Structure formats: structure tokens, C-alpha cells
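Structure first, then comments.
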Amino acid sequence: MSLLKSHNRWLVVLTYMVALLLSVFPLVYTARWLRPEFVTIFVIYWVIFSPQQTSLMLIFWVGCLQDLLEASLLGQHALALLTVAYLSLLLGQRFKHYLVWQQSVVVFLLVMAHQLVDNWVHSMQGASAVSLEFLMPAFTSALFWPLIWMFLEKARANFRVT
């Protein structure tokens, strides 16, 4: 039985690296608020569906890498991602039993929490958002959730990530 179980942590790390690349992929200036929060979505997925393959330390380092890539305050995304990871752990088992559209609503709320923590750190620097436009990535992330969920479910099944 133990031979059938595989612990492919490299898949988790690889998906975080892809998410980091997608988070800095160049877009036109007017579409910058429409970019989904890919890193946050992947954190939500891995924390809920395979919590033993991810760790808070890994999420912290992914957040620090995102800070470096986006040239933001070091620890800003790490704090927001750890907040989302904690909230995702609290939802854990219930989230798995939701329908996909209900999961999208929860993803919207979790990404909104990420955006609020992110904007809070910005406001402490004196550069907070003037409008609620900073919450648009939460909406687009919720729209992308079913596609990302299907992709990650197939990858998790193919590579037998438990």
C-alpha cells in the first residue's frame, strides 16, 4: 500500500513557480486590475486539497519571492498568503464538499481577504488604493477557479499527490 502512495512535493513547488510567473506576466496597464491572483488561488488549492504536501514555511517563502518579483515591501505578500492559508485551513473539509460555483464564492472571499491585507500594508506605507478597484482580482480569481481546480485535480491524480 505504501508503494502506491507518492509524495510528489515537486509538483506543488512547480505549480507555485508557474503561479509566480503568471503573476508577473506583462499586461497592458489598463488590464492590471483584471489579473487573477494565481499564487493565492494555488495556495488555497494546495492547503485545502493536499495540506500535508505544503507547509506554512513554503507559503512564506513563496510570498517573499512574490514580493521580490513584484518589487513590493518584503513580507507583504507573505503576510497576506499566510492569512489566506490560515483561513483555508479553517474551511478545509467543508470546502471540499461544496459545489464548484460555491467554491468560487469562497475563493472570491479568500482572495478579497488577501487583497485587503495587501491594501492594508500599502496604506501603512501611505499609498492605499483610492477606490475599490483593488478588489477586482478577487472577482477574476473566482472566475478562473473552476479551470484551475480542474487542471490541478488532474495533475494531482496523474502524479498521485496525496
Side-chain angles (χ1 to χ4, degrees), residues 1-25 35-98 100 102-122 124-125 134-135 137-138 140-162:
M1 184 76 160
S2 64
L3 294 176
L4 295 177
K5 288 191 175 182
S6 176
H7 300 288
N8 292 323
R9 183 171 272 189
W10 64 268
L11 180 67
V12 176
V13 173
L14 179 69
T15 57
Y16 283 145
M17 292 301 128
V18 168
L20 286 168
L21 289 174
L22 289 172
S23 71
V24 295
F25 189 77
R35 179 193 316 265
E37 285 290 330
F38 290 108
V39 177
T40 309
I41 295 171
F42 285 27
V43 165
I44 292 168
Y45 178 83
W46 288 118
V47 165
I48 290 175
F49 289 97
S50 191
Q52 63 274 17
Q53 292 300 319
T54 191
S55 67
L56 294 178
M57 190 58 87
L58 176 63
I59 293 169
F60 173 79
W61 288 115
V62 168
C64 288
L65 278 173
Q66 188 175 7
D67 291 330
L68 291 173
L69 287 172
E70 295 182 8
S72 58
L73 184 65
L74 191 61
Q76 173 181 334
H77 286 97
L79 175 65
L81 288 176
L82 287 173
T83 303
V84 168
Y86 174 72
L87 294 172
S88 298
L89 278 172
L90 289 178
L91 291 170
Q93 294 301 316
R94 280 180 277 162
F95 186 89
K96 291 179 184 179
H97 299 293
Y98 293 159
V100 175
Q102 292 170 323
Q103 290 178 358
S104 291
V105 171
V106 174
V107 167
F108 171 76
L109 295 172
L110 289 171
V111 174
M112 187 171 28
H114 178 275
Q115 295 299 103
L116 288 172
V117 170
D118 206 31
N119 193 49
W120 174 66
V121 172
H122 276 299
M124 291 182 69
Q125 295 175 357
F134 73 95
L135 294 175
T140 56
S141 297
L143 291 177
F144 269 79
W145 172 254
L147 296 172
I148 292 173
W149 177 79
M150 277 192 311
F151 169 74
L152 290 175
E153 279 293 306
K154 285 184 181 183
R156 192 167 66 105
N158 286 342
F159 293 105
R160 291 187 292 254
V161 177
T162 56

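Everything numeric here is computed off the predicted structure, so don't read it as measured data.
- With rounding to the nearest 0.5 Å, the separation of CD in Glu153 from CZ in Phe49 is 5.5 Å.
- Heavy-atom neighbours of Met17 CE from other residues, nucleotides or ligands within 6.0 Å: above the threshold of 12.
- In this structure the side chain of Thr15 reaches within 4.5 angstrom of the side chain of Trp46, judged on heavy atoms.
- Met112 CE to Ser141 OG: the interatomic distance, rounded to the nearest 0.5 Å, is 11.5 Å.
- Within the 4.5 Å cutoff, no side-chain heavy atoms of Arg35 are placed close to those of Thr140.
- From Leu22, atom CG reaches atom CD of Glu37 across 11.5 Å, with rounding to the nearest 0.5 Å.
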Fill in: Trace of the side-chain contact (heavy atoms from CB on, under 4.5 Å) decision for Asn119 with His122
CA-CA 5 Å; Asn119 193 49; His122 276 299; 4.3 Å; yes
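- Atom CG of Leu21 sits about 7.5 Å away from atom CG of Leu69, to the nearest 0.5 Å.
- A distance of 5.5 Å separates CG in Leu135 from CG in Leu116, rounded to the nearest 0.5 Å.
- Not a single donor-acceptor pair under 3.5 Å links the side chain of Ser104 to the backbone N or O of Leu143.
- Side chain of Arg156 to main chain of Leu11: no donor-acceptor pair is present (N/O by atom type, distance under 3.5 Å, no hydrogens or angles).
- In plain terms, the two heavy atoms of Ala113 and Leu87 that are nearest each other are CB-CD1, 4.1 Å.
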Discussion item. Test side-chain contact (heavy atoms from CB on, under 4.5 Å) on Phe95 and Val107; report intermediate values, then the result.
Written reply: CA-CA 10 Å; Phe95 186 89; Val107 167; 4.0 Å; yes
Show me the donor-acceptor pairs within less than 3.5 Å that the side chains of residues 54-67 make with the rest of the protein, sequence neighbours left out.
{"from": "Thr54", "atom 1": "OG1", "to": "Tyr16", "atom 2": "OH", "distance (Å)": "3.3"}
{"from": "Ser55", "atom 1": "OG", "to": "Leu58", "atom 2": "N", "distance (Å)": "3.1"}
{"from": "Gln66", "atom 1": "NE2", "to": "Glu70", "atom 2": "OE2", "distance (Å)": "3.2"}
{"from": "Asp67", "atom 1": "OD1", "to": "Ser72", "atom 2": "OG", "distance (Å)": "3.1"}
{"from": "Asp67", "atom 1": "OD1", "to": "His77", "atom 2": "N", "distance (Å)": "2.9"}
{"from": "Asp67", "atom 1": "OD1", "to": "His77", "atom 2": "ND1", "distance (Å)": "2.6"}
{"from": "Asp67", "atom 1": "OD2", "to": "Gly75", "atom 2": "N", "distance (Å)": "2.6"}
{"from": "Asp67", "atom 1": "OD2", "to": "Gln76", "atom 2": "N", "distance (Å)": "3.2"}
{"from": "Asp67", "atom 1": "OD2", "to": "His77", "atom 2": "N", "distance (Å)": "3.4"}

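- For the residue pair Gln103/Trp145, the side-chain donor-acceptor check at 3.5 Å is satisfied.
- Across all non-hydrogen atoms, the minimal contact from Ala85 to Val47 is O-CG1, 3.7 Å.
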Worksheet item: Would Ile44 and Leu91 count as a side-chain contact (heavy atoms from CB on, under 4.5 Å) if you check the C-alpha gap in whole Å, the side-chain angles of each, and the deciding distance to 0.1 Å?
Response: CA-CA 10 Å; Ile44 292 168; Leu91 291 170; over 6 Å; no
Item to complete: Evaluate side-chain contact (heavy atoms from CB on, under 4.5 Å) for Phe42 paired with Leu152, printing each intermediate quantity in order.
Response: CA-CA 9 Å; Phe42 285 27; Leu152 290 175; 4.3 Å; yes
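- In this structure, Leu14 and Phe159 have side chains that are not in contact, with every pair of non-hydrogen atoms separated by 4.5 Å or more.
- Residue pairs meeting the side-chain hydrogen bond (donor to acceptor under 3.5 Å, both in side chains) criterion with at least one member in residues 87-98: none, sequence neighbours excluded.
- Note: Leu110 CG to Gln115 CD = 12.0 Å, rounded to the nearest 0.5 Å.
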